[in-house]
Amino acid sequence: MTTMTEASVREFKMPDVGEGLTEAEILKWYVQPGDTVTDGQVVCEVETAKAAVELPIPYDGVVRELRFPEGTTVDVGTPIITVDVSGGAAPAEAAPAAEAPAAAGPAPQEEAPSVGSGRQPVLVGYGVATTSTKRRPRKGPETPAGAAPAAPAAQALQSELNGHGGAPAAVDRPRPLAKPPVRKLAKDLGVDLAAVTPTGPEGIITREDVHAAAAPQQAPAPVEPAAPAPAARPAAVVPAAVSYDGARETRVPVKGVRKATAQAMVGSAFTAPHVTEFVTVDVTRTMKLVDELKQDKDLQGLRVNPLLLIAKALLVAVKRNPGINASWDEAAQEIVLKHYVNLGIAAATPRGLIVPNIKDAHDKTLPQLAEALGELVATAREGKTSPAAMQGGTLTITNVGVFGVDTGTPILNPGESAILAVGAIKLQPWVHKGKVKPRQVTTLALSFDHRLVDGELGSKVLADVAAVLEQPKRLITWA
(Lines give C-alpha, C1' and ligand atoms only; values in the text may rest on other atoms or scores of the structure.)
Protein backbone atom coordinates (compact mmCIF):
# COMPACT_ATOMS: atom_id res chain seq x y z
CA MET A 1 0.00 0.00 0.00
CA THR A 2 1.40 3.37 -1.06
CA THR A 3 1.56 5.99 1.65
CA MET A 4 1.17 9.59 0.57
CA THR A 5 3.38 12.11 2.30
CA GLU A 6 2.05 15.54 3.10
CA ALA A 7 4.40 17.04 0.52
CA SER A 8 3.02 14.86 -2.29
CA VAL A 9 -0.65 15.60 -1.71
CA ARG A 10 -2.44 18.41 -3.51
CA GLU A 11 -6.03 19.35 -2.78
CA PHE A 12 -7.86 21.10 -5.60
CA LYS A 13 -10.43 23.45 -4.09
CA MET A 14 -13.72 24.59 -5.58
CA PRO A 15 -12.79 27.87 -7.29
CA ASP A 16 -15.00 30.93 -7.61
CA VAL A 17 -15.84 30.64 -11.30
CA GLY A 18 -18.58 33.24 -11.19
CA GLU A 19 -16.87 36.27 -9.64
CA GLY A 20 -18.59 36.44 -6.28
CA LEU A 21 -20.56 33.19 -6.08
CA THR A 22 -20.27 31.17 -2.90
CA GLU A 23 -21.14 27.64 -4.03
CA ALA A 24 -21.43 25.30 -7.00
CA GLU A 25 -22.98 21.91 -7.65
CA ILE A 26 -20.82 19.07 -9.00
CA LEU A 27 -22.64 17.87 -12.11
CA LYS A 28 -20.22 15.25 -13.42
CA TRP A 29 -16.81 13.80 -12.66
CA TYR A 30 -14.62 13.07 -15.69
CA VAL A 31 -11.96 11.24 -13.66
CA GLN A 32 -11.91 8.50 -11.03
CA PRO A 33 -9.44 7.50 -8.28
CA GLY A 34 -6.32 6.02 -9.88
CA ASP A 35 -6.58 8.13 -13.06
CA THR A 36 -3.56 10.17 -14.14
CA VAL A 37 -4.26 13.87 -14.71
CA THR A 38 -2.20 16.61 -16.31
CA ASP A 39 -2.09 20.38 -15.82
CA GLY A 40 -5.09 21.91 -17.60
CA GLN A 41 -7.08 18.66 -17.88
CA VAL A 42 -10.81 19.02 -17.20
CA VAL A 43 -11.71 16.89 -14.18
CA CYS A 44 -15.33 17.83 -13.55
CA GLU A 45 -18.26 19.98 -14.58
CA VAL A 46 -19.99 22.21 -12.02
CA GLU A 47 -23.07 24.38 -12.11
CA THR A 48 -23.24 27.76 -10.42
CA ALA A 49 -26.13 30.18 -10.24
CA LYS A 50 -25.02 31.44 -13.64
CA ALA A 51 -23.92 28.57 -15.84
CA ALA A 52 -22.32 25.16 -16.14
CA VAL A 53 -18.51 25.34 -16.20
CA GLU A 54 -15.80 22.73 -16.76
CA LEU A 55 -12.97 22.85 -14.22
CA PRO A 56 -9.38 22.06 -15.30
CA ILE A 57 -6.93 20.94 -12.63
CA PRO A 58 -3.74 23.04 -12.26
CA TYR A 59 -1.11 20.29 -11.81
CA ASP A 60 0.02 16.78 -12.80
CA GLY A 61 -0.50 13.69 -10.69
CA VAL A 62 -2.68 10.69 -9.85
CA VAL A 63 -6.21 11.05 -8.51
CA ARG A 64 -6.46 9.57 -5.01
CA GLU A 65 -9.87 10.74 -3.82
CA LEU A 66 -13.01 12.46 -5.07
CA ARG A 67 -14.27 14.28 -2.00
CA PHE A 68 -17.92 14.65 -3.08
CA PRO A 69 -20.29 12.62 -5.29
CA GLU A 70 -22.10 14.06 -8.29
CA GLY A 71 -25.09 16.19 -7.36
CA THR A 72 -23.46 17.65 -4.24
CA THR A 73 -23.45 21.42 -3.70
CA VAL A 74 -20.02 22.52 -2.41
CA ASP A 75 -18.89 25.83 -0.94
CA VAL A 76 -16.21 27.79 -2.79
CA GLY A 77 -12.79 27.08 -1.26
CA THR A 78 -13.66 23.53 -0.17
CA PRO A 79 -11.30 20.75 -1.42
CA ILE A 80 -13.13 18.58 -3.95
CA ILE A 81 -10.38 16.29 -5.25
CA THR A 82 -7.09 14.98 -3.84
CA VAL A 83 -4.15 14.32 -6.18
CA ASP A 84 -0.79 12.62 -5.48
CA VAL A 85 1.88 14.60 -7.32
CA SER A 86 4.84 12.56 -6.04
CA GLY A 87 5.53 11.27 -9.53
CA GLY A 88 6.49 14.75 -10.74
CA ALA A 89 7.60 18.12 -9.49
CA ALA A 90 4.95 20.18 -7.78
CA PRO A 91 4.20 23.58 -9.30
CA ALA A 92 5.82 26.54 -7.59
CA GLU A 93 2.54 28.15 -6.62
CA ALA A 94 1.46 24.97 -4.78
CA ALA A 95 4.44 24.68 -2.46
CA PRO A 96 4.49 21.69 -0.09
CA ALA A 97 2.93 22.32 3.26
CA ALA A 98 6.16 21.05 4.87
CA GLU A 99 7.96 24.20 3.71
CA ALA A 100 5.61 26.41 5.70
CA PRO A 101 6.10 26.95 9.44
CA ALA A 102 4.67 24.04 11.38
CA ALA A 103 1.22 24.57 12.80
CA ALA A 104 -0.17 23.11 15.96
CA GLY A 105 -3.27 21.97 14.11
CA PRO A 106 -5.60 22.89 11.30
CA ALA A 107 -6.46 26.56 11.18
CA PRO A 108 -9.99 27.28 12.32
CA GLN A 109 -12.39 28.31 9.58
CA GLU A 110 -12.93 32.04 9.51
CA GLU A 111 -16.54 32.73 10.29
CA ALA A 112 -16.81 36.40 9.42
CA PRO A 113 -17.73 36.62 5.73
CA SER A 114 -16.89 39.61 3.63
CA VAL A 115 -19.34 41.13 1.25
CA GLY A 116 -18.54 41.02 -2.44
CA SER A 117 -20.39 41.83 -5.60
CA GLY A 118 -22.27 39.06 -7.34
CA ARG A 119 -24.61 39.05 -10.34
CA GLN A 120 -27.53 36.71 -10.81
CA PRO A 121 -29.85 35.99 -13.72
CA VAL A 122 -33.59 36.71 -13.78
CA LEU A 123 -36.63 35.28 -15.59
CA VAL A 124 -38.48 36.06 -18.84
CA GLY A 125 -35.63 37.88 -20.26
CA TYR A 126 -33.50 38.07 -18.10
CA GLY A 127 -29.98 38.53 -17.52
CA VAL A 128 -28.10 39.00 -14.37
CA ALA A 129 -28.75 40.98 -11.23
CA THR A 130 -26.27 42.84 -9.14
CA THR A 131 -26.71 41.64 -5.56
CA SER A 132 -24.66 41.31 -2.42
CA THR A 133 -23.17 37.89 -1.94
CA LYS A 134 -21.08 36.59 0.92
CA ARG A 135 -17.63 35.23 0.40
CA ARG A 136 -15.44 33.61 2.95
CA PRO A 137 -12.01 35.28 3.02
CA ARG A 138 -9.12 33.11 1.93
CA LYS A 139 -6.16 32.70 4.25
CA GLY A 140 -2.98 33.78 2.49
CA PRO A 141 0.44 32.12 2.86
CA GLU A 142 2.79 33.21 5.63
CA THR A 143 5.80 35.32 4.76
CA PRO A 144 9.19 33.63 5.41
CA ALA A 145 11.44 35.35 7.94
CA GLY A 146 13.50 38.14 6.43
CA ALA A 147 11.42 38.34 3.25
CA ALA A 148 9.41 41.39 2.26
CA PRO A 149 5.68 40.69 2.53
CA ALA A 150 3.82 40.56 -0.76
CA ALA A 151 0.81 42.79 -1.28
CA PRO A 152 -2.21 41.09 0.33
CA ALA A 153 -4.42 41.84 -2.66
CA ALA A 154 -1.92 40.27 -5.06
CA GLN A 155 -1.61 37.15 -2.87
CA ALA A 156 -5.37 36.72 -2.68
CA LEU A 157 -5.73 37.25 -6.41
CA GLN A 158 -3.02 34.72 -7.23
CA SER A 159 -4.59 32.16 -4.87
CA GLU A 160 -8.03 32.65 -6.33
CA LEU A 161 -6.94 32.40 -9.94
CA ASN A 162 -4.91 29.27 -9.25
CA GLY A 163 -8.09 27.64 -8.02
CA HIS A 164 -6.53 26.49 -4.74
CA GLY A 165 -4.67 27.78 -1.74
CA GLY A 166 -0.90 27.77 -1.54
CA ALA A 167 2.18 29.90 -1.77
CA PRO A 168 2.62 32.33 -4.66
CA ALA A 169 4.60 31.41 -7.74
CA ALA A 170 8.37 31.48 -7.79
CA VAL A 171 9.87 34.94 -8.05
CA ASP A 172 11.90 34.22 -11.16
CA ARG A 173 8.83 33.36 -13.20
CA PRO A 174 5.49 34.03 -11.57
CA ARG A 175 2.58 32.01 -12.84
CA PRO A 176 0.42 34.07 -15.24
CA LEU A 177 -2.87 35.19 -13.71
CA ALA A 178 -5.77 33.44 -15.41
CA LYS A 179 -8.89 31.65 -14.26
CA PRO A 180 -9.32 27.90 -14.88
CA PRO A 181 -11.57 28.23 -17.98
CA VAL A 182 -9.06 30.61 -19.57
CA ARG A 183 -6.20 28.18 -18.81
CA LYS A 184 -8.13 25.40 -20.50
CA LEU A 185 -8.78 27.61 -23.55
CA ALA A 186 -5.07 28.43 -23.76
CA LYS A 187 -4.15 24.75 -23.59
CA ASP A 188 -6.70 23.86 -26.29
CA LEU A 189 -5.32 26.58 -28.58
CA GLY A 190 -1.68 25.77 -27.83
CA VAL A 191 -1.00 29.19 -26.31
CA ASP A 192 1.71 29.69 -23.67
CA LEU A 193 0.13 31.92 -21.04
CA ALA A 194 3.55 33.21 -20.02
CA ALA A 195 3.83 34.82 -23.46
CA VAL A 196 0.38 36.45 -23.38
CA THR A 197 0.02 40.15 -22.66
CA PRO A 198 -2.81 40.55 -20.09
CA THR A 199 -5.43 43.28 -20.46
CA GLY A 200 -7.70 42.35 -17.56
CA PRO A 201 -7.77 44.11 -14.19
CA GLU A 202 -4.66 43.62 -12.02
CA GLY A 203 -2.89 41.79 -14.85
CA ILE A 204 -5.44 39.00 -15.35
CA ILE A 205 -5.33 37.23 -18.71
CA THR A 206 -8.77 37.19 -20.37
CA ARG A 207 -10.25 34.92 -23.05
CA GLU A 208 -9.83 37.76 -25.54
CA ASP A 209 -6.11 37.94 -24.71
CA VAL A 210 -5.74 34.21 -25.42
CA HIS A 211 -7.62 34.47 -28.72
CA ALA A 212 -5.48 37.45 -29.72
CA ALA A 213 -2.31 35.51 -28.97
CA ALA A 214 -3.57 32.46 -30.84
CA ALA A 215 -4.69 34.32 -33.95
CA PRO A 216 -1.23 34.88 -35.52
CA GLN A 217 -0.09 31.31 -34.98
CA GLN A 218 -3.23 29.51 -36.08
CA ALA A 219 -3.39 28.38 -39.69
CA PRO A 220 -6.33 26.74 -41.44
CA ALA A 221 -6.40 23.06 -40.63
CA PRO A 222 -8.65 20.16 -41.59
CA VAL A 223 -11.68 19.93 -39.37
CA GLU A 224 -11.52 16.82 -37.23
CA PRO A 225 -14.65 15.10 -35.97
CA ALA A 226 -15.57 16.38 -32.54
CA ALA A 227 -15.20 13.99 -29.65
CA PRO A 228 -18.51 12.74 -28.32
CA ALA A 229 -19.78 15.02 -25.59
CA PRO A 230 -20.32 13.57 -22.12
CA ALA A 231 -23.85 12.53 -21.35
CA ALA A 232 -25.88 15.54 -20.30
CA ARG A 233 -27.24 15.60 -16.81
CA PRO A 234 -31.05 15.58 -16.85
CA ALA A 235 -32.43 19.03 -16.13
CA ALA A 236 -34.48 19.46 -13.00
CA VAL A 237 -37.76 20.30 -14.69
CA VAL A 238 -41.31 19.17 -14.18
CA PRO A 239 -42.19 16.43 -16.72
CA ALA A 240 -44.32 17.61 -19.63
CA ALA A 241 -46.75 14.74 -19.08
CA VAL A 242 -47.65 13.80 -15.53
CA SER A 243 -49.02 10.39 -14.70
CA TYR A 244 -51.84 10.40 -12.18
CA ASP A 245 -51.54 6.67 -11.49
CA GLY A 246 -48.81 7.12 -8.90
CA ALA A 247 -47.84 9.96 -6.60
CA ARG A 248 -50.13 12.97 -6.56
CA GLU A 249 -47.28 15.50 -6.46
CA THR A 250 -43.77 15.91 -7.80
CA ARG A 251 -41.29 18.15 -6.00
CA VAL A 252 -38.42 19.64 -7.97
CA PRO A 253 -35.44 21.13 -6.05
CA VAL A 254 -34.89 24.80 -6.87
CA LYS A 255 -31.16 25.40 -7.22
CA GLY A 256 -28.46 26.65 -9.55
CA VAL A 257 -29.65 28.83 -12.44
CA ARG A 258 -33.33 28.38 -11.60
CA LYS A 259 -32.89 29.48 -7.98
CA ALA A 260 -30.92 32.56 -8.97
CA THR A 261 -33.44 33.33 -11.71
CA ALA A 262 -36.34 33.31 -9.26
CA GLN A 263 -34.51 35.51 -6.74
CA ALA A 264 -33.38 38.05 -9.31
CA MET A 265 -36.82 38.18 -10.98
CA VAL A 266 -38.43 39.16 -7.70
CA GLY A 267 -35.69 41.69 -7.00
CA SER A 268 -36.13 43.32 -10.40
CA ALA A 269 -39.92 43.40 -10.32
CA PHE A 270 -40.04 45.11 -6.92
CA THR A 271 -37.07 47.48 -7.37
CA ALA A 272 -37.50 49.11 -10.78
CA PRO A 273 -40.88 50.67 -11.69
CA HIS A 274 -41.75 48.86 -14.90
CA VAL A 275 -43.70 50.41 -17.77
CA THR A 276 -44.55 48.36 -20.87
CA GLU A 277 -45.69 49.74 -24.22
CA PHE A 278 -46.86 47.80 -27.27
CA VAL A 279 -46.97 48.31 -31.02
CA THR A 280 -48.20 46.05 -33.82
CA VAL A 281 -46.27 46.40 -37.06
CA ASP A 282 -46.27 45.10 -40.64
CA VAL A 283 -42.91 43.35 -41.13
CA THR A 284 -43.55 41.96 -44.60
CA ARG A 285 -40.65 43.90 -46.13
CA THR A 286 -38.32 42.74 -43.36
CA MET A 287 -39.26 39.10 -43.99
CA LYS A 288 -38.55 39.56 -47.71
CA LEU A 289 -35.17 41.09 -46.86
CA VAL A 290 -34.36 38.11 -44.63
CA ASP A 291 -34.99 35.77 -47.58
CA GLU A 292 -32.74 37.88 -49.79
CA LEU A 293 -29.94 38.04 -47.22
CA LYS A 294 -29.95 34.25 -46.90
CA GLN A 295 -28.76 34.17 -50.51
CA ASP A 296 -26.13 36.85 -50.04
CA LYS A 297 -22.59 35.49 -50.43
CA ASP A 298 -21.30 37.73 -47.62
CA LEU A 299 -23.66 35.98 -45.19
CA GLN A 300 -23.23 32.40 -46.39
CA GLY A 301 -22.93 29.97 -43.50
CA LEU A 302 -24.17 32.54 -40.98
CA ARG A 303 -27.38 32.59 -38.96
CA VAL A 304 -29.78 34.85 -40.88
CA ASN A 305 -33.29 35.18 -39.45
CA PRO A 306 -35.76 37.89 -38.38
CA LEU A 307 -34.04 38.18 -34.99
CA LEU A 308 -30.89 39.43 -36.74
CA LEU A 309 -32.72 42.38 -38.29
CA ILE A 310 -34.71 43.02 -35.11
CA ALA A 311 -31.43 43.28 -33.21
CA LYS A 312 -30.06 45.65 -35.83
CA ALA A 313 -33.25 47.71 -35.66
CA LEU A 314 -32.92 48.06 -31.89
CA LEU A 315 -29.29 49.15 -32.26
CA VAL A 316 -30.36 51.83 -34.74
CA ALA A 317 -33.07 52.99 -32.33
CA VAL A 318 -30.50 53.21 -29.52
CA LYS A 319 -28.20 55.30 -31.70
CA ARG A 320 -31.08 57.73 -32.34
CA ASN A 321 -32.17 57.70 -28.69
CA PRO A 322 -29.02 57.08 -26.60
CA GLY A 323 -30.80 57.85 -23.30
CA ILE A 324 -32.46 54.42 -23.40
CA ASN A 325 -29.07 52.73 -22.96
CA ALA A 326 -28.47 53.55 -19.32
CA SER A 327 -28.65 52.28 -15.75
CA TRP A 328 -29.74 53.63 -12.38
CA ASP A 329 -27.12 54.04 -9.66
CA GLU A 330 -29.14 53.96 -6.44
CA ALA A 331 -26.18 54.60 -4.13
CA ALA A 332 -24.97 57.68 -6.00
CA GLN A 333 -28.44 58.75 -7.15
CA GLU A 334 -27.16 59.06 -10.71
CA ILE A 335 -28.20 57.92 -14.16
CA VAL A 336 -25.28 56.17 -15.87
CA LEU A 337 -25.36 56.61 -19.65
CA LYS A 338 -23.65 53.76 -21.52
CA HIS A 339 -21.72 54.63 -24.68
CA TYR A 340 -21.64 51.00 -25.78
CA VAL A 341 -24.29 48.32 -26.24
CA ASN A 342 -23.83 44.81 -24.86
CA LEU A 343 -26.94 43.27 -26.38
CA GLY A 344 -28.49 40.43 -24.38
CA ILE A 345 -30.42 37.65 -26.11
CA ALA A 346 -32.66 35.45 -23.95
CA ALA A 347 -32.01 31.74 -24.58
CA ALA A 348 -33.92 28.75 -23.24
CA THR A 349 -31.61 25.96 -22.06
CA PRO A 350 -32.10 22.67 -20.17
CA ARG A 351 -30.93 24.44 -17.01
CA GLY A 352 -33.29 27.36 -17.39
CA LEU A 353 -33.50 30.69 -19.16
CA ILE A 354 -30.20 32.55 -19.47
CA VAL A 355 -29.23 35.80 -21.15
CA PRO A 356 -25.74 35.92 -22.64
CA ASN A 357 -24.90 39.17 -24.39
CA ILE A 358 -23.04 40.26 -27.49
CA LYS A 359 -20.25 42.58 -26.39
CA ASP A 360 -20.04 45.93 -28.22
CA ALA A 361 -22.89 44.98 -30.55
CA HIS A 362 -23.17 48.62 -31.65
CA ASP A 363 -19.82 48.37 -33.47
CA LYS A 364 -20.61 45.21 -35.44
CA THR A 365 -21.49 44.99 -39.10
CA LEU A 366 -24.46 42.86 -40.12
CA PRO A 367 -22.27 39.81 -40.93
CA GLN A 368 -20.41 40.23 -37.62
CA LEU A 369 -23.69 40.51 -35.72
CA ALA A 370 -25.01 37.39 -37.49
CA GLU A 371 -21.87 35.46 -36.55
CA ALA A 372 -22.08 36.60 -32.92
CA LEU A 373 -25.76 35.64 -32.69
CA GLY A 374 -25.05 32.20 -34.12
CA GLU A 375 -22.23 31.53 -31.67
CA LEU A 376 -24.26 32.83 -28.73
CA VAL A 377 -27.27 30.60 -29.46
CA ALA A 378 -25.20 27.49 -30.21
CA THR A 379 -23.13 27.86 -27.05
CA ALA A 380 -26.23 28.40 -24.93
CA ARG A 381 -27.98 25.31 -26.32
CA GLU A 382 -24.91 23.21 -25.56
CA GLY A 383 -24.98 24.47 -21.98
CA LYS A 384 -21.49 25.94 -22.33
CA THR A 385 -22.25 29.62 -21.80
CA SER A 386 -19.62 31.11 -19.51
CA PRO A 387 -20.47 33.42 -16.59
CA ALA A 388 -18.53 36.23 -18.29
CA ALA A 389 -20.82 35.99 -21.33
CA MET A 390 -23.80 36.83 -19.11
CA GLN A 391 -22.28 39.83 -17.40
CA GLY A 392 -22.29 43.47 -18.40
CA GLY A 393 -25.46 43.52 -20.52
CA THR A 394 -27.04 46.92 -21.22
CA LEU A 395 -30.22 46.02 -23.19
CA THR A 396 -32.00 42.74 -23.88
CA ILE A 397 -34.19 41.13 -26.54
CA THR A 398 -36.47 38.21 -25.70
CA ASN A 399 -38.14 36.40 -28.59
CA VAL A 400 -41.35 34.91 -27.19
CA GLY A 401 -42.62 34.53 -30.73
CA VAL A 402 -40.71 31.26 -31.17
CA PHE A 403 -43.27 29.72 -28.79
CA GLY A 404 -46.19 31.05 -30.83
CA VAL A 405 -46.91 33.80 -28.29
CA ASP A 406 -48.18 37.14 -29.57
CA THR A 407 -46.50 39.32 -26.95
CA GLY A 408 -45.67 39.67 -23.28
CA THR A 409 -44.64 42.09 -20.54
CA PRO A 410 -40.98 41.21 -19.95
CA ILE A 411 -39.21 41.90 -16.67
CA LEU A 412 -36.09 44.06 -16.80
CA ASN A 413 -32.66 42.65 -16.20
CA PRO A 414 -31.43 44.27 -12.99
CA GLY A 415 -29.03 47.02 -13.96
CA GLU A 416 -30.61 47.56 -17.38
CA SER A 417 -33.14 50.16 -18.44
CA ALA A 418 -35.09 48.36 -21.18
CA ILE A 419 -36.00 44.99 -22.66
CA LEU A 420 -37.72 44.32 -25.99
CA ALA A 421 -40.11 41.37 -26.40
CA VAL A 422 -40.81 40.14 -29.94
CA GLY A 423 -44.03 38.26 -30.62
CA ALA A 424 -44.88 35.66 -33.23
CA ILE A 425 -44.80 36.82 -36.86
CA LYS A 426 -48.11 35.78 -38.43
CA LEU A 427 -49.94 36.26 -41.70
CA GLN A 428 -52.83 38.60 -40.89
CA PRO A 429 -55.29 40.85 -42.76
CA TRP A 430 -53.79 44.34 -42.87
CA VAL A 431 -54.67 47.60 -44.57
CA HIS A 432 -51.89 48.14 -47.11
CA LYS A 433 -52.04 50.96 -49.66
CA GLY A 434 -55.74 51.42 -48.99
CA LYS A 435 -56.68 47.77 -49.38
CA VAL A 436 -56.99 44.87 -46.98
CA LYS A 437 -54.27 42.36 -47.82
CA PRO A 438 -52.57 39.44 -46.07
CA ARG A 439 -49.35 40.75 -44.52
CA GLN A 440 -46.68 39.47 -42.12
CA VAL A 441 -47.46 41.14 -38.78
CA THR A 442 -45.93 41.03 -35.30
CA THR A 443 -46.36 42.77 -31.96
CA LEU A 444 -43.45 44.34 -30.10
CA ALA A 445 -43.44 45.11 -26.37
CA LEU A 446 -40.88 47.38 -24.71
CA SER A 447 -40.53 47.38 -20.92
CA PHE A 448 -38.43 50.16 -19.40
CA ASP A 449 -37.40 51.55 -16.03
CA HIS A 450 -39.58 54.61 -15.47
CA ARG A 451 -37.03 56.13 -13.06
CA LEU A 452 -34.73 57.02 -15.94
CA VAL A 453 -36.85 56.48 -19.05
CA ASP A 454 -39.96 58.62 -19.39
CA GLY A 455 -42.89 57.88 -21.66
CA GLU A 456 -41.59 60.06 -24.47
CA LEU A 457 -38.20 58.36 -24.68
CA GLY A 458 -39.63 54.86 -24.36
CA SER A 459 -42.23 55.59 -27.04
CA LYS A 460 -39.62 56.99 -29.43
CA VAL A 461 -37.44 53.90 -29.10
CA LEU A 462 -40.32 51.50 -29.69
CA ALA A 463 -41.62 53.56 -32.62
CA ASP A 464 -38.15 53.64 -34.20
CA VAL A 465 -37.75 49.86 -33.95
CA ALA A 466 -41.18 49.41 -35.54
CA ALA A 467 -40.39 51.92 -38.29
CA VAL A 468 -37.16 50.11 -39.23
CA LEU A 469 -38.91 46.73 -39.36
CA GLU A 470 -41.70 48.19 -41.49
CA GLN A 471 -39.25 49.88 -43.86
CA PRO A 472 -35.88 48.08 -43.48
CA LYS A 473 -34.22 50.55 -45.87
CA ARG A 474 -34.02 52.76 -42.77
CA LEU A 475 -31.19 50.49 -41.62
CA ILE A 476 -29.20 52.46 -44.19
CA THR A 477 -30.78 55.92 -44.07
CA TRP A 478 -30.84 56.07 -40.26
CA ALA A 479 -27.56 54.26 -39.53
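- Across every non-hydrogen atom of P198 and I204, the tightest pair is CB-O, 3.5 Å.
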Check step by step if side-chain contact (heavy atoms from CB on, under 4.5 Å) holds for V9 and V85. CA-CA 6 Å; V9 176; V85 298; over 6 Å; no
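- Proximity of T206 to T199: side-chain heavy atoms (C-beta onward) are separated by under 4.5 Å at one or more points.
- Taking the charged nitrogens against the carboxylate oxygens, R451 and E330 do have a contact shorter than 4.0 Å, which makes a salt bridge.
- Note that CG of L343 and NZ of K312 are 10.5 Å apart. Values are rounded to the nearest 0.5 Å.
- Put simply, the side chain of I81 reaches to within 4.5 Å of the side chain of I57, judged on heavy atoms.
- The residue from T409, T398, T396, T276 that alone fulfils the side chain to side chain donor-acceptor pair (under 3.5 Å) condition with S447 is T276.
- Residues meeting the salt bridge (charged side-chain N to carboxylate O under 4.0 Å, His left out) test with E334, sequence neighbours left out: none.
- I80 is not listed as a side-chain neighbour of L66, based on a closest heavy-atom distance of 4.5 Å or more.
- When side chains are defined from C-beta on, P356 does not count as touching I345, because their heavy atoms never get closer than 4.5 Å.
- Rounding to the nearest 0.5 angstrom, the gap separating the CG atom in D449 from the CD1 atom in I419 is 12.5 Å.
- Between the N325 side chain and the Y340 main chain, a donor and an acceptor come within less than 3.5 Å of each other.
- Put simply, the side chain of Q41 reaches to within 4.5 Å of the side chain of V31, judged on heavy atoms.
- The minimum heavy-atom distance linking V341 with L395 is given by the pair CG1-CD1, 4.5 Å.
- Here the closest heavy-atom approach between residue A380 and residue T385 is recorded as CA-OG1, 3.2 Å.
- Across all their heavy atoms, L337 and A326 have their closest contact at CD2-CB, 3.8 Å.
- Contact annotation: the side chain of T82 approaches that of R67 to within less than 4.5 Å [non-hydrogen atoms, C-beta and beyond].
- Note that the CE atom of M14 and the SG atom of C44 stand 6.0 Å from one another [nearest 0.5 Å].
- With rounding to the nearest 0.5 Å, the separation of CD1 in I324 from CG in L446 is 5.5 Å.
- For the side-chain contact (heavy atoms from CB on, under 4.5 Å) test with E47, the passing option among T73, I26, V53, L27 is L27; the others fail.
- No donor-acceptor pair closer than 3.5 Å links the side chain of N342 to the backbone N or O of T394.
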Could you please spell out the steps behind the side-chain contact (heavy atoms from CB on, under 4.5 Å) verdict for L193 and V210? CA-CA 8 Å; L193 287 176; V210 173; 4.1 Å; yes
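- Pairs engaging residues 394-406 under the salt bridge (Lys or Arg N to Asp or Glu O under 4.0 Å) rule: D406-K426 [sequence neighbours left out].
- A heavy-atom distance below 4.5 Å is not found between the side chains of D35 and P33.
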Please set out all donor-acceptor pairs under 3.5 angstrom arising from side-chain atoms of residues 368-379, sequence neighbours excluded.
residue: Q368; atom: OE1; partner: T365; partner atom: N; Å: 2.9
residue: Q368; atom: OE1; partner: T365; partner atom: OG1; Å: 3.4
residue: T379; atom: OG1; partner: E375; partner atom: O; Å: 2.8

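- Closest heavy-atom contact between G203 and L177: O-CB, 3.7 Å.
- Applying side-chain contact (heavy atoms from CB on, under 4.5 Å) to L307 and the options N305, V304, L309 leaves one that passes, N305.
- Taking NZ of K294 as the reference point, atom CZ of R303 lies at 10.0 Å (rounded to 0.5 Å).
- H362 places no side-chain N or O within donor-acceptor distance of the main-chain N or O of L315, the cut-off being under 3.5 Å.
- Separating the CE atom in M390 from the CD1 atom in I354 is a distance of 5.0 Å, to the nearest 0.5 Å.
- The nearest pair of heavy atoms linking P79 to F68 is O-CE1, 3.3 Å.
- Proximity of a side-chain donor or acceptor of W29 to a complementary backbone N or O of E45 within less than 3.5 Å is not detected.
- H274 places a side-chain heavy atom less than 4.5 Å from the side chain of I411.
- Judged by distance alone, the side chain of D75 and the main-chain N or O of T78 form no donor-acceptor pair under 3.5 Å.
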